[in-house]
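The analysis underlying the following values was restricted to heavy atoms, covering all of them including side chains, and did not include hydrogens, waters or symmetry mates.
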Amino acid sequence: MSFSTLLYRYFFFGWLFKDVNRGNLFERSAAWRHNRDQARWLPTYMRRWMWWGLFFYALGAVVEWLLQAPAFSVVFYVPSALSVPVNAVIGAAWIGLRLVPARA
């Protein structure tokens, strides 16, 4: 597996899940169960994005305070800020997969 594929899978979780809108009733039900089982990995992805955000926030602070370069610190603050909505989406998906009952 290439490094870019591994990096993608490290940060993005879409490859873990199956489409519940394809197949007959039994295949859709199996896909739903599979997705509910795979949801156990979503807190891991949330932690990865949280640490990613904190790391880039710290880099931005170092660049801003120690190097006195507030314009350049934006390069680090933006990825840090983007980790917040990504975590919100992952959290919503995790809660949804845990709380929403299976469709018939």
**Inter-residue atom distance Y10.OH - F3.CZ, 0.5 Å rounding** = 11.0 Å

**Complete:** Students should find that the hydrophobic cluster of M1, defined by side-chain heavy atoms under 4.5 Å apart, otherwise consists of L6

**Prompt:** Hey, quick one: are W65 and L54 part of the same hydrophobic cluster, counting side-chain heavy atoms closer than 4.5 Å, chains of contacts allowed?
**Reply:** no

**Asked** If you take all heavy atoms of G53 and S80, which pair is closest and at what distance?
**Response** O-OG, 2.9 Å

**Item:** Gap separating the CG atom of N87 from the CE atom of M46, nearest 0.5 angstrom
**Value:** 4.5 Å

**Message:** Do L82 and L42 sit in one hydrophobic cluster, given that two such residues count as connected whenever their side-chain heavy atoms are within less than 4.5 Å of each other, even indirectly?
**Reply:** no

**ILVMFWY network linking W32 to L16, side-chain heavy atoms under 4.5 angstrom** = yes

**Request:** Sequence neighbours left out, what pairs pass salt bridge (Lys or Arg N to Asp or Glu O under 4.0 Å) with at least one residue falling in residues 15-24?
**Result:** D19-R22

**Asked** Would you find a donor on one side and an acceptor on the other, under 3.5 Å apart, between the side chain of R98 and the backbone of I95?
**Response** no

**Separation of T5 OG1 from W15 CH2 (nearest 0.5 Å)** = 11.0 Å

**Prompt:** Looking at I90 and W49, what are the two nearest heavy atoms and their distance?
**Reply:** CD1-CD1, 3.8 Å

**Request:** Could you go through the ring pair (Phe, Tyr, Trp, His ring centres under 6.0 Å) check for W52 and F11 one step at a time?
**Result:** CA-CA 10 Å; W52 171 266; F11 285 107; 5.0 Å; yes

**Prompt:** Taking R28 for the side chain and N21 for the main chain, is one N or O donor matched with an acceptor at less than 3.5 Å?
**Reply:** no

**Request:** Step through it carefully: locate the ring centre of Y77, locate the ring centre of Y57, and say whether they are under 6.0 Å apart.
**Result:** yes

**Side-chain hydrophobic cluster, 4.5 Å single linkage: members besides F26** = none

